[in-house]
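Beneath this line is the structure, given in structure tokens, with notes to follow.
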Amino acid sequence: MSDPDLSEYERMWTSERDQWALFRSGAGYLPILKGDPPMAEVICDEELENFVVARMLAAGVAVVADLGDCQTAS
């Protein structure tokens, strides 16, 4: 099986990396767009989500356990 096309999500670990965080939950990680309020990037395909999260982790995207850490000052 080949890797899925990640081009739609690539900005999350490249050009916009500092705008994203990974929220650590009991089930794994959820990509979060930082802001006030922070917004989850829901990826309905579990395999695709696993590839995206792996790329974000490899690129050093911040991992947070509290969504308050994803808010930006207004």
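Side-chain atoms of Glu49 and Pro31, non-hydrogen and from C-beta on, do get closer than 4.5 Å to each other. A 4.5 Å side-chain heavy-atom check between Trp13 and Leu57 finds every atom pair outside the cut-off. In this structure the side chain of Val64 never reaches within 4.5 angstrom of the side chain of Ile32, judged on heavy atoms. Looking at Tyr9 and Glu41, their side chains come closer than 4.5 Å, going by heavy atoms from C-beta outward.
Listed by chain and residue number, nothing satisfies the side-chain contact (heavy atoms from CB on, under 4.5 Å) test with Pro37 (two or more places apart in sequence, or in another chain). Residues meeting the side-chain contact (heavy atoms from CB on, under 4.5 Å) test with Ser25, sequence neighbours left out: Phe23, Ala27. Annotation: side-chain hydrogen bond (donor to acceptor under 3.5 Å, both in side chains) contacts of Asp5 (sequence neighbours excluded): Ser7. The side-chain contact (heavy atoms from CB on, under 4.5 Å) check on Leu33 picks up Gln19, Trp20, with sequence neighbours excluded. Residues satisfying the side-chain contact (heavy atoms from CB on, under 4.5 Å) criterion with Glu8, sequence neighbours excluded, are absent altogether.
Taken together through direct or relayed side-chain contacts under 4.5 Å among Ile, Leu, Val, Met, Phe, Trp and Tyr, Ile43 and Val61 form part of one hydrophobic cluster. Under a hydrophobic clustering in which Ile, Leu, Val, Met, Phe, Trp and Tyr are joined whenever their side-chain heavy atoms come within less than 4.5 Å, directly or via other members, Met39 and Leu22 fall into different clusters.
Atom CZ of Arg11 sits in a crowded spot, with more than 12 heavy atoms from other residues, nucleotides or ligands closer than 6.0 Å.
Residues Met56 and Ala21 approach most closely at CE-O, 4.3 Å, considering heavy atoms.
Of the possible donor and acceptor atoms, one in the side chain of Arg17 sits under 3.5 Å from a partner among the backbone N and O of Ala59.
Note that CG of Asp45 and CG of Asn50 are 9.0 Å apart. Values are rounded to the nearest 0.5 Å.
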